[in-house]
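Proteins get letters first, then strands, A, B, ... in listed order; numbering begins at 1 in each.
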Amino acid sequence: DARVTQTPRDKVTEMGQEVTMRCQPILGHNTVFWYRQTMMQGLELLAYFRNRAPLDDSGMPKDRFSAEMPDATLATLKIQPSEPRDSAVYFCASGIHYNEQFFGPGTRLTVL
Amino acid sequence: DAKTTQPPSMDCAEGRAANLPCNHSTISGNEYVYWYRQIHSQGPQYIIHGLKNNETNEMASLIITEDRKSSTLILPHATLRDTAVYYCIVRADSGSARQLTFGSGTQLTVLP
């Protein structure tokens with residue numbers, strides 16, 4: 001049963017620290033998405049890649065967030081420096097066709 | 001992508017059909033209706049999608065009105081595990097996976 005995996009599942013850190021979240025998309029999927037979910041904003045898109053190339057990162061604060069796909073099996077989302085307002089659940093999703101995206105279990109980030 | 005309107009919450013008795021409405025009066029001809037759900041603390045899960053014809057799969061049925069301005073997701077025999085936030089999303093498709101724009105959804109509570 002193919003699934004999207006994300007690590008870590010939970011992360012608590014202090015303001016100013018670097019945070020790296022990782023995602024392993026489903027093998028064969030060519031599109032990877034990063035979403036963020038907070039109580040106030042709901043689910044919002046941060047960035048997405050197709051065939052490892054960034055297609056849209058307009059939802060990310062450029063000064064502190066960066067997203068990469070070093071290879072087809074790994075996507076990373078980095079925050080440096082982290083701030084308390086970055087506290088949220090970060091979801092990775094992957095897909096290949098237009099009809100369905102598969103979401104990972106999320107990384108719950110708490111920045112103190 | 002067209003905007004959708006959903007009731008914020010609904011209750012349903014276990015074993016009964018749950019009918020979740022969605023209004024999308026500004027939908028255009030090439031836009032599909034998608035339904036996802038998010039069970040507490042999990043990533044969103046694809047349920048079903050359609051263009052103009054009614055659709056059914058192992059999870060649910062999707063009924064789209066003839067003018068396509070509204071639709072209803074039907075869970076035929078709701079169980080406690082169907083308690084979740086249900087998102088109706090309208091989106092044009094290009095053949096490849098694209099980002100999803102989530103609204104606030106409907107919190108469905110299945111009551112024992």
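Only the side chain of A/Tyr35 comes within less than 4.5 Å of a heavy atom of chain B; its backbone N, CA, C and O stay farther away. Within the 4.5 angstrom heavy-atom criterion, only side-chain atoms of A/Gln37, from C-beta onward, approach chain B. Both the backbone and the side chain of A/Leu43 come within contact range of chain B, with heavy atoms under 4.5 Å apart.
B/Thr4 contributes a side-chain N or O that, together with a main-chain N or O of B/Cys88, makes up a donor-acceptor pair within less than 3.5 Å. Under a 3.5 Å cut-off, the side chain of B/Arg68 and the backbone N or O of B/Leu51 do form a donor-acceptor pair. A donor-acceptor contact shorter than 3.5 Å is absent between the side chain of B/Thr72 and the backbone of B/Asn19.
No donor-acceptor contact under 3.5 angstrom links the side chains of A/Gln101 and A/Tyr48, judged on distance only. Side-chain contact check for A/Asp56 and A/Ser58: at least one donor-acceptor pair (N or O, by modelled atom type) lies under 3.5 Å.
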Item to check | Step-by-step side chain to side chain contact (heavy atoms under 4.5 Å, CB included) determination, A/Leu77 to A/Met60 | outcome: CA-CA 10 Å; A/Leu77 180 66; A/Met60 286 200 316; 3.8 Å; yes
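Of residues 100-112 of chain B, those residues with a non-hydrogen atom less than 4.5 Å from any non-hydrogen atom of chain A are, in numerical order, B/Leu100, B/Phe102.
The residue from A/His29, A/Gln24, A/Arg3 that alone fulfils the side-chain hydrogen bond (donor to acceptor under 3.5 Å, both in side chains) condition with A/Ser94 is A/His29.
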